[in-house]
> 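Next up is a structure, given as structure tokens.
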Protein chains: 2
Amino acid sequence: MPQERAPTRIQIKNRAAILEAALEVFSAHGFRGSTVDQIAAAAGLSKPNLLYYFASKETIYTALLERLLDTWLDPLRALDPGGEPLEEILAYVRRKLQMSRDLPRESRLFANEIVQGAPRIHAALSGDLKVLVDEKAEVIRDWIAAGKLAPVHPHHLIFSIWSLTQHYADFDVQVRAVLGDEDPFEAAPEFVETVFRRLLQA
Amino acid sequence: MPQERAPTRIQIKNRAAILEAALEVFSAHGFRGSTVDQIAAAAGLSKPNLLYYFASKETIYTALLERLLDTWLDPLRALDPGGEPLEEILAYVRRKLQMSRDLPRESRLFANEIVQGAPRIHAALSGDLKVLVDEKAEVIRDWIAAGKLAPVHPHHLIFSIWSLTQHYADFDVQVRAVLGDEDPFEAAPEFVETVFRRLLQA
DNA sequence: AAAGAGTTTGACCAAAAGGTCAAAGTCACG
DNA sequence: CGTGACTTTGACCTTTTGGTCAAACTCTTT
């Protein structure tokens with residue numbers, strides 16, 4: 001098994017290709033809806049070759065989820081308790097919307113997983129995620145107490161940021177079907193900014 | 001095949017049981033993630049017996065989607081152009097949130113389908129759905145023009161209502177994991193009402 | 001109570017899918 | 001340039017799964 005010692009050039013290349021292919025396939029079809037053959041084909045490898053790098057379909061999936069969870073939470077981590085409250089929130093909203101535009105597959109991967117009950121990342125949700133959210137909710141609570149933001153339930157505020165921004169990635173087909181020709185991301189930035197500005201302006 | 005003539009008592013009972021079971025299973029695992037055996041077991045029938053009522057897994061799924069699409073859009077249809085603008089929108093928001101609470105499986109069924117590109121209801125999205133949304137967006141546009149609502153992009157307003165309310169059903173596990181003991185629907189109604197009140201108050 | 005319509009099932013089938021393995025091929029390095 | 005580590009693959013295995021079918025059973029109706 002290709003572990004323990006430093007990865008070779010080929011290992012680095014192939015592992016990366018597999019994870020990229022897996023993101024493509026899993027995000028479009030979910031875990032059960034994806035086949036190892038599909039992923040192998042997308043990565044340009046044969047199935048046994050792919051299974052030489054990852055022990056199983058499950059292993060690929062969880063490796064992908066873990067690798068991406070950090071990226072996914074970075075924007076929230078960047079929320080600065082020392083910054084100007086409304087601007088900090090709006091900056092967070094903008095970063096999240098940007099991610100929906102630039103990394104829709106990642107968004108859909110998580111959406112798939114969570115809609116189906118998060119069987120494989122439940123621990124992370126009530127662990128790291130909860131800790132991070134609680135911490136930032138506390139910051140928001142303080143801002144509200146200081147009269148810097150209009151009063152709202154901090155946790156639900158965070159949920160609303162997630163739902164509004166990720167909607168553009170997760171429900172992309174629906175949004176585009178309804179909008180017709182109009183590009184969703186034309187009006188979205190101003191719209192979501194308006195939502196949170198009006199909601200939070202003290 | 002049990003078609004053409006009036007359905008028997010047994011047909012009515014079994015078809016209903018199958019659709020109920022299919023909702024339970026499909027909403028939790030998606031189309032590919034669900035097996036006919038699972039649905040049959042949940043319906044209390046043998047697999048061949050189930051396939052006596054519906055020709056295939058696909059048939060059950062699309063029957064379910066069709067049957068539910070109307071229910072799903074009813075709250076938007078009820079938006080009354082003759083009503084008081086802000087109250088009409090807030091009533092719509094309340095109805096949608098109520099549906100997330102009372103019919104989370106239906107919400108997740110659609111979420112699963114749409115996240116994966118809506119392969120089986122794409123037509124309905126750019127057909128009936130678009131027509132309905134365009135119509136109601138026009139109503140909202142008029143309300144804004146009449147100075148009854150603060151200016152916002154009508155389509156994106158509707159998206160925001162969908163995303164905020166459905167989030168509580170579709171991402172239920174995540175919401176609960178983050179909130180811990182607190183019941184999401186304790187604060188949600190007031191929160192979403194506040195969001196749209198502050199957003200739209202002229 | 002008999003006949004025919006409607007219902008149920010065990011046994012079965014073929015395809016799909018996850019995964020294994022031994023053998024062959026390629027690469028890095030002394 | 002040879003040797004051992006690393007990589008790749010064709011063939012194969014097993015389980016799962018969607019679906020079929022003929023035979024048996026039950027219900028309704030006359």
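Chain letters run A, B, ... following the sequence lines, proteins first and then strands; every chain starts at 1.
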> Round to a whole Å and report the spacing from NZ of A:K13 to P of D:dC6.
17 Å
> I want to check one thing: is the phosphate of D:dT7, taken as OP1 and OP2, less than 4.0 Å away from some side-chain N or O of A:T8?
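Checking A:T8 against D:dT7: at least one side-chain N or O falls below 4.0 Å of OP1 or OP2.
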> Do the side chains of B:R77 and B:D70 get close enough for a salt bridge, i.e. N-O under 4.0 angstrom?
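Answer for the salt bridge query: yes.
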> Starting from P on C:dT7, measure out to CD1 on B:I12 and report it in whole angstrom.
10 Å
> I want to check one thing: is the phosphate of C:dT7, taken as OP1 and OP2, less than 4.0 Å away from some side-chain N or O of B:Y52?
yes
> Would you mind reading off the distance between B:L50 atom CG and C:dT7 atom C1', rounded to a whole angstrom?
13 Å
> Describe, in one word, how the ring planes of B:H156 and A:F191 are oriented to each other, choosing from parallel (under 30°), tilted (30 to 60°) and perpendicular (over 60°).
tilted
> For C:dT8, take OP1 and OP2 only and decide whether either is under 4.0 Å from a side-chain N or O of B:N14.
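B:N14 to C:dT8 OP1/OP2: side-chain N or O found under 4.0 Å.
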> Between A:E87 and A:R94 (salt bridge meaning N to carboxylate O under 4.0 Å), is one present in this structure?
yes
> Let me know the distance between OH of A:Y53 and P of D:dC6, rounded to the nearest Å.
11 Å
> Does C:dT7 have its OP1 or OP2 closer than 4.0 Å to a side-chain nitrogen or oxygen of B:Q11?
yes
> Among side-chain atoms of A:S160 and A:S163, is any donor-acceptor pair under 3.5 angstrom?
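The answer is no; no qualifying pair exists.
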> So, is B:N49 near the phosphate of C:dT7, with a side-chain N or O under 4.0 Å from OP1 or OP2?
no
> Using the six-membered ring wherever Trp is involved, compare the ring planes of B:F171 and B:H167 and label them parallel, tilted or perpendicular (cut-offs 30° and 60°).
parallel
> Using a 4.0 Å cut-off on protein heavy atoms (strictly under), produce a 5'-to-3' string for nucleotides 17-29 of chain D with B for base contact, S for backbone-only sugar-phosphate contact, and - for none.
SBBBB-----SS-
> Tell me, do B:F31 and B:E113 make a side-chain contact under 4.5 Å, heavy atoms counted?
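No, side chains not in contact.
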